[in-house]
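What follows is a short report on a single structure.
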Number of protein chains: 2
Amino acid sequence: MKTERIPAAERREQILDAAARVFGERGYAGSTTDQVAQAAGISQPYVVRMFGSKEKLFNEVLDRAAGQLETLFRETLAEAERRKLSGASRKEFLGLAYLDLVEQGHIVLPLMQAFLLGHDPAIGANAREGFLRVYRLLRDEAGLGVDGATEFLAGGMLINTLLTMRMAELYDADPDARELVDRACGSKVEIMLDATRAGR
Amino acid sequence: MKTERIPAAERREQILDAAARVFGERGYAGSTTDQVAQAAGISQPYVVRMFGSKEKLFNEVLDRAAGQLETLFRETLAEAERRKLSGASRKEFLGLAYLDLVEQGHIVLPLMQAFLLGHDPAIGANAREGFLRVYRLLRDEAGLGVDGATEFLAGGMLINTLLTMRMAELYDADPDARELVDRACGSKVEIMLDATRAGR
DNA sequence: GTCTATAAGTGGATAGAC
DNA sequence: GTCTATCCACTTATAGAC
């Protein structure tokens, strides 16, 4: 194959994007480096060469996704500050931001996949640490407190689960699926539907 | 190897138990039929022979776990009826029952793993259907309504996520991890700790 | 009912050319 | 910076003996 020759740093980003989609979709063990390569439009050995190993690649995807999530939450918080939102409405504001994150790319799913890898020494530790950072951010920086942060995370995990399960595929066919997805996503259901449909 | 010769039906159950543990721990793609075989104390080909394929085995594990979950919820509901518990306390009662389920075996984790397989045509459809059955059960039979059922599921997904992530491994080391696990599990934290420690 | 042996396929990683 | 060729380990599944 004849691929365009582009700077390593840029290619790196392309591969990370592709990997986030593939890993987010099929999980770590369920993905192959060849699937990532194809999604990025390059050869399989190049993927491995660029990152050293599949595991290192996954960890980079994970770190990047966690970073993007934290950045978005901080930006959202700053915006909430400007608008002088308090307690409850601040939480809601963050919730909307989270749904935007679901939309804007492949950040949420690789994170969720990482949460299922607690048994893996390296990835598991990384995932726990990232989860706790988000918890602290919600509890302290966002001022949601222990209860608010926990509730927020619970809602987030439900959204994540519905996403990985592709519950939105039943949105038109099953009224209960529709009701559940509607309830979990509030006014931003469309995002969920798009995210599910895009994945195929 | 010299394995005791026991009736097929009984062996089947042993394999299903072992498979629930292994799949629950490492996911579908991350598990091998040999790991299941070793956990069950038999040879790898025998596992495959008994169930036809790895995928069929996983689906049986999934169906069984979903059935056990529903059964437990129905029993719990009957008990709540006897005690004449209403709305909020009924929900709490079900929550405690769910934590018991986490304890009593390997039911919750394989279910959670299945929820991450939305992309798989067969398993994904099975997982969505099972999830919806539980939703209906909570909403209608338990009388939690749309909001109550959704909240319940959200809390459940948080517990599941903390479990697969093995957050309880940090229980003693990190006060935030402890706080989060405590909050998610209420009075039944011990169960979570045991479940996490057993898995290693 | 259960095993050993093994075929057939897949996937991560390395070597080396261009 | 990127590819082709290829090795080797692992995994599912089958065949057939006991």
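Since the structure is predicted, the reported quantities are computational estimates derived from the model, not experimental observations. The sequence lines fix the lettering, A, B, ..., with proteins before strands; numbering per chain opens at 1.
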Original post:
Whole Å only: how far is the OH atom of A:Tyr46 from the C1' atom of D:dA5?
Top reply: 19 Å
**OP:** Please list all pairs passing the ring-ring contact (aromatic ring centres under 6.0 Å, His included) test where one or both residues lie in residues 34-63 of chain B, with sequence neighbours left out.
**Re:** B:Phe23-B:Phe58, B:Tyr28-B:Phe58
Original post:
Given a cutoff of under 4.5 Å between side-chain heavy atoms of I, L, V, M, F, W and Y, with clusters grown through shared members, what are the other residues clustered with A:Leu96?
Top reply: none
**OP:** Write down the distance between CE (A:Met50) and P (D:dG1), rounded to a whole number of angstrom.
**Re:** 7 Å
Original post:
Given atom CD of A:Glu10 and atom C1' of D:dG1, what is their separation to the nearest angstrom?
Top reply: 12 Å
Original post:
What distance separates A:Leu180 CG from B:Arg128 CZ, expressed to the nearest 0.5 Å?
Top reply: 13.0 Å
Original post:
Could you give all pairs that pass the side-chain hydrogen bond (donor to acceptor under 3.5 Å, both in side chains) test and reach residues 141-150 of chain A, with sequence neighbours left out?
Top reply: A:Arg74-A:Glu141, A:Asp147-B:Arg183
Original post:
Touch check for A:Glu4, heavy atoms < 4.0 angstrom, all strands: base, sugar-phosphate only, or nothing?
Top reply: sugar-phosphate
Original post:
Which other residues belong to the hydrophobic cluster containing A:Leu85, where Ile, Leu, Val, Met, Phe, Trp and Tyr are joined when side-chain heavy atoms lie under 4.5 Å apart, directly or via other members?
Top reply: A:Phe93
Subject >> Value in whole Å for how far the P atom of D:dG1 lies from CD of A:Gln14 >> reply: 13 Å
**OP:** Take nucleotides 8-18 of chain D nucleotide by nucleotide from the 5' end and write B, S or -, depending on whether a protein heavy atom sits under 4.0 Å from the base, only from the sugar-phosphate, or from neither.
**Re:** ---SBBBBB--
Subject >> Whichever hydrophobic residues join A:Val48 through chains of side-chain contacts under 4.5 Å >> reply: none
Subject >> Spacing of B:Phe51 atom CZ relative to C:dT2 atom P, expressed in whole Å >> reply: 12 Å
